[in-house]
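Quick notes on the structure that follows.
Note on naming: letters A, B, ... go to the chains in the order of the sequence lines (proteins, then strands), and numbering restarts at 1 for each one. Predicted model, so just to flag it, every value in this text is computed and none were measured.
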Amino acid sequence: QWIFEKMFEKGIAYRGKTLSNWCPTDQTVLANEHVENGLCWRCGDTVVQKEVEQWFLKITDYAEKLLWNKDGNGVEWPKSVMAAQNDWIGRKQGIEITFPVILGNEVTPESFKDGSWTSQDDVLTVTVFTTTPINFGATFIVVAPEHPILKKITTPEQKNAVEKYIQEASEKTEIDRMSEGKEKTGVFTGSYAINHVNGEKIPVWVADYALIKFGTGAVQGCPGHDQKDFEFAKKFGIPTPRVIVGPHGETGPITEKADQVKSYVKAGVMMNSGFLDGIEFTEAMEKTKDYFEAKGWGKRVVTYHLHDWSVSRQRYWGTPVPMIHCDTDGMVPVPEKDLPVNLPYDVDYQPKGRAPLETNEEWMNVSCPKCGGPAKRDPETLDTFFDSAWYYYRYIDPQYSKGPFDPKEVAELMPVDIYFGGGEHTLGHTLYARFFTKFFKDLGLVDFDEFAKKRVQHGIVLGPDGNKMSKSKGNVINPDDLVKEFGTDAVRVYLSFMMPYNATGPWAPGAMYGMFRFLKRVWDLQYKLKIEDSTMTNEDLFHMHTAIKKVGEDIEDIKFNTAVAHMMKWLNYLESKQTVGQEEFMNFLIILSPFAPHVTEELWQLQRLTDSEAKDVPFVSIHQQAWPSYDEKLIVSDTVVVAVQVNGKLRDTIEIKNEKIKMQNEAEELAMKSEKLQAHLEGKSVKKVIYVPGKILNFVVS
RNA sequence: GGGCGAGUGGUGGAAUGGUAGACACGAAGGUCUCAAAAACCUUUGAUCGUAAUUGGUCAUGUGGGUUCGACUCCCUCCUCGCCCACCA
């Protein structure tokens, strides 16, 4: 609530009225992110568009700061997340072009033709946004059904048809629009715009493929070079001229489909385009923008696909919006000393199209903090994503009472080192969380830009049939059943071992028993334990230190599957021995403990009881032990095996002493003794010998 | 339509320019047992046959390229998965 009030103070939180996603069952507004395929994410009802007044967060003010740059803003986040977020923010550089509109089919005023028209003139106008102003190819304009200009430009003859179309569009649900596919619909308004570049009259249509939420809610149709515009023009008999010569000289008439602009970006050249003829496409677009700006008919702009975050909910369960509405003073924040505003219990929870908190009169009626007169609380609650956008700051010191979080502690511990989670949070939660952090930075509360240094996304375990687990498909594996049969540790080891952390794949049921067997073998290791036997051979040391190193590194790299594999390898070695020393035993348990916490703890205590010296030492859990260290020197053996190749194909291996590892002639001398190598060199001449110390020796022959 | 990712034995996977298949699962054969289970041992990419204690050849979706050397890097195409989408 304190954060919300700061946002209100800075103009980031504001009350607005727009067309919003509305769930008829839950009787609440939904964010775009919470409409899944046109359905409410909670109840599955079909979402409709409804104009509602509500609270917004001006996340669009942070659009630029939320963009990821090429070096990932100095943090380590998955490329897929950065790409998806940038795409969602949708920064586009383009131009807004204002067209004069003449009502009906009047004769085109001369002033439009000779270019003396200026936007200051008292004429009707419609403004479109485009990234690629192919204006010599523009043959119509489409405005969204919700566009206010329609009231002004629709001619009396077309009034009924247009109004009917608008009405139908407003009743369409997201689902309707999608199930209708891409079939274009629309109605002529009866009016024309003047295409500045050639003085031609082009019809203005209303069509729902223009979306009020994007750009200016109006589009210029360039059907020769845009697929959607082409489909529309074709259906309604509008000309589809081509104005770009393709990279391979294509100039023929368009019959089947538009020539997509993107294929021309590199090589296309303008034609039938007046002053642009012969100019390369990209340059022509810039020249067109210059032209419109110079004439005062257009303005270069940057637009974003991102929209402000609709943040208030007409639900009971949530953080109350800490505002008071006063007839005299308007919206007044609840004074800081009265925070937090607690959620009242005595309310009617049932959705009735208004916020449930409103039903508690006693709670609702307060006096205005400014004038003391009668006022009402804001009855809405905040989207839960508001809370999850900053919880990790609070977790650092949940007892802190002087503000939402302790800036000192936060300075010490934040940003988060690794933030684990699912890909479903890419466009919601993690974007919001980044937004909050950037807001905190502007408030001077933190001095970093990104809340998490590293983001790691887990994969998804699919059902055995390869589909996402779902009750309706009956392919759900219940972990509880597996735990009952094999124990939690075996299930944990299985999940770690069977696939990379971030991989998605089906549950492979067969392998589960193997994990149980692995832990059973670990358990049996206790019978080989000899506390008093402290001597370790070089081989013992090699295996132990290798495992400690590899397992530690793999855990750091979130490669749990290979970490487990290394432990299995070490176990195989330990089993092959007559006895296992205490140091080996303890270290094995410690590095296994994150994966199998229960079995290892049990064995840890067992070895304590066996060790007469340790018996009297107070209980210390295995999970409180330091991670063992390793000695790099013990991992290197006295000799290394070098592969001997002929033309890159393995023919033999040689063993070379460590201290001679860098001496190519030593290696060559050794290799020449190989009969197998000689057999492959026979009758050929050696052109070159490539030696990679300690790895390969390659004879290039011909 | 756009973005991101993946394609390696019967299966899950390992190897990110240097000995492809680590580590497991499964399978086959064996030991033990009256028998089975469990456990343990051996074998396990394909293929050739001159049967090798260390044989040859072919193999990482397809076709090309770079390199002494490519699962790995570059280009073509194919298939699958996930996310976004009448985004002007």
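Between B:U11 and B:A37, the two C1' atoms lie 24 Å apart (nearest whole Å). Taking the C1' atoms as reference points, B:U62 lies 23 Å from B:G13, given to the whole Å. For B:A28 and B:U66, the C1' atoms lie 44 Å apart once the distance is rounded to whole Å. Rounded to the nearest Å, the gap between the P atom of B:G3 and that of B:C75 is 14 Å. Remark: the separation of the C1' atoms in B:C25 and B:C73 is 33 Å, to the nearest Å. With both ends at atom C1', the span from B:G26 to B:G2 equals 42 Å, rounded to whole Å. Look at the C1' atom in both B:C77 and B:G9: the space between them is 26 Å, to the nearest Å. Taking the C1' atoms as reference points, B:G12 lies 16 Å from B:U60, given to the whole Å.
For A:His566 and A:Asn561, each mapped to the nucleotide of RNA chain B holding its nearest heavy atom, the one lying further toward the 5' end belongs to A:Asn561. For the pair A:Gly217 and A:Gly423, nearest-nucleotide mapping onto RNA chain B gives the more 5' position to A:Gly423.
Remark: the backbone N or O of A:Lys550 is not paired with any side-chain donor or acceptor of A:His566 at under 3.5 angstrom. Put simply, the side chain of A:Asn69 gets close to the backbone of A:Gly72: a donor and an acceptor are under 3.5 Å apart.
Taking side-chain N and O atoms only, A:Lys79 has a distance below 4.0 Å to OP1 or OP2 of B:G5.
Rounded to whole angstrom, the span from the NE2 atom of A:His147 across to the P atom of B:A88 amounts to 17 Å.
The base of B:C86 sits within donor-acceptor range of the side chain of A:Lys184, with an N or O pair under 3.5 Å.
The aromatic rings of A:Tyr419 and A:His429 sit tilted relative to each other, their planes meeting at an angle between 30° and 60°. Note on ring orientation: taking the six-membered ring where Trp is involved, the planes of A:Phe292 and A:His196 are perpendicular (angle over 60°, cut-offs 30° and 60°).
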